[in-house]
Trainee: 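For reference, the structure I am asking about is given below.
Here the structure is a predicted model, which is why all the values come from computation and not from measurement.
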Amino acid sequence: MLQRLSTMALLSALGGTTWRCSGHLARHFSQTTWRGERPGGEELRRLLLDDLAPTPRSSSGLELLFGLSPCLLALRASRRRVARLLLQAGRSGLQGERAELLRLAEARDIPVLRPRRQKLDALCRHQVHQGVCMEVSPLRPRPWMEAGEARPGDDPQQLWLVLEGLQDPRNLGAVLRSAHFLGVDKVITSRRNSCPLTPVVSKASAGAMEVMDVFFTDDLDNFLQARARQGWLVAGTVGCPGPEISPSSGVPITSCLEFLWDRPTLLVLGNEGSGLSPEVQASCQLLLTILPGRQLPPGLESLNVSVAAGILLHSICSQRKGIPEEGKRGQLLQGPQESSAMAEGPRVAQDPGQSSGLEKVRQGGD
């Protein structure tokens, strides 16, 4: 019993010493960093930090962006003010994208700290941070008037994605990722009852939020009606046609597979639970739906909004003419060796005992 008490007293004393040393190191490194010394230098390599003081968000207005792709794309885009970069300690050398993160931070004189994983977990509230976080200024949607005028005659295949009342940040992030990947021109959100552009949204979008322009409107009904008068097609989205969709509304419903994209279109997605509001649905000229592949039991008649967005956008954007061109599309679908062989043109038959110049290069010959 006496030995156990002695051990506990010793551990307690060591813990107190560790806490005091940690605080001293934090003050020393903070002063070194703000004197303008190069981030990532000798001090950074020696230091193992577990003592990052959280930034008071109420006064600084900063938020914690996490994840490798969001942080890297945020640095490349330079749309946010970055207070400091946090790279997880304990990794043997930084390579690839993490090394690029460090180079970009050093080029912009951004302080770089190396906390342990436990500290990053706590700062991120145990989100999947991949060992990378940044304290940054927030991103906010811009007023839709800043989107610029796009006349229907400029390009018959313009596509704007309009989001009404999406509230789940992971849904919003997944929708933005699909929109960026498939070539949506602009994204418009309703300000009322919509999720803000948070770090969770950025992570769910794999960083697409950092490079996309997202706009908002306070009056979605008038926005859609004004575009319709300019010649745009306003296409809403609904689940499987059922009792909740009144045929007497006068808005035709068609499968997304039968939709012909022949003029500039606004694709409108609604809230995760209630879908489009009656006012917005009444402003639509067409309602698109995704037909199921089997008879569905009650409660499974619809898809998750981000999944539905991916299917709808692909069915529309696959009609885009010449993007990618047929030749380029074929190259994308082929392996790298097959593509390079086609680019070289037809090969001339050679004597089996001779080697081509290309083969000599591969073998290290002159």
Trainee: What are the two closest heavy atoms between Ser78 and Leu75, and how far apart are they?
Mentor: OG-O, 3.3 Å
Trainee: Cys71 and side chain to side chain contact (heavy atoms under 4.5 Å, CB included): which single residue from Val136, Leu87, Leu65 fits?
Mentor: Leu65
Trainee: Among all residues two or more places apart in sequence or in another chain, which pass the side chain to side chain donor-acceptor pair (under 3.5 Å) test with Ser190?
Mentor: Ser194
Trainee: What residues form a salt bridge (Lys or Arg N to Asp or Glu O under 4.0 Å) with Glu272, not counting sequence neighbours?
Mentor: none
Trainee: Nearest heavy-atom pair of Cys317 and Leu159: which atoms, and what distance?
Mentor: SG-CD2, 3.6 Å
Trainee: Check Ala235 against Thr265 and note the closest heavy-atom contact, atom names and distance.
Mentor: CB-CG2, 4.2 Å
Trainee: Among Leu303, Thr237, Val238, which residue meets the side chain to side chain contact (heavy atoms under 4.5 Å, CB included) test with Ile290?
Mentor: Leu303
Trainee: Which of these passes side-chain hydrogen bond (donor to acceptor under 3.5 Å, both in side chains) with Asp121: Gln88, His129, Arg116?
Mentor: His129
Trainee: Does Leu257 form a side-chain contact (heavy atoms from CB on, under 4.5 Å) with Leu291? I'd like the steps, not just the answer.
Mentor: CA-CA 9 Å; Leu257 298 178; Leu291 296 179; over 6 Å; no
Trainee: If you compare all heavy atoms of Arg227 against all heavy atoms of Trp144, which two are closest, and at what distance to 0.1 Å?
Mentor: NH2-CZ3, 3.4 Å
Trainee: If only atom types and distance count, is the side chain of Ser315 paired as donor or acceptor with the main-chain N or O of Leu312 below 3.5 Å?
Mentor: yes
Trainee: Give a yes or no on whether the backbone of Gly67 and the side-chain of Gln130 come within a donor-acceptor separation of less than 3.5 Å.
Mentor: no
Trainee: Return yes if some donor-acceptor pair links the side-chain N/O of Gln281 with the main-chain N/O of Gly275 below 3.5 Å, else return no.
Mentor: no
Trainee: Applying salt bridge (charged side-chain N to carboxylate O under 4.0 Å, His left out) as the test, list every pair that has at least one member in residues 209-222; sequence neighbours left out.
Mentor: Arg79-Asp213, Arg80-Glu210, Arg142-Asp213, Arg191-Asp218
Trainee: Return the minimal non-hydrogen interatomic distance between Gly165 and Asn271, and the atom names on each side.
Mentor: O-ND2, 2.8 Å
Trainee: Please lay out, stage by stage, how Trp232 and Gln158 fare under the test side-chain contact (heavy atoms from CB on, under 4.5 Å).
Mentor: CA-CA 9 Å; Trp232 290 69; Gln158 296 178 71; 3.8 Å; yes
Trainee: Taking atom types as modelled and ignoring hydrogens, do the side chains of Thr198 and Glu63 form a donor-acceptor contact shorter than 3.5 angstrom?
Mentor: no
Trainee: Identify the heavy atoms of Ser205 and Leu176 that sit nearest to each other, and give their distance.
Mentor: CB-CB, 4.3 Å
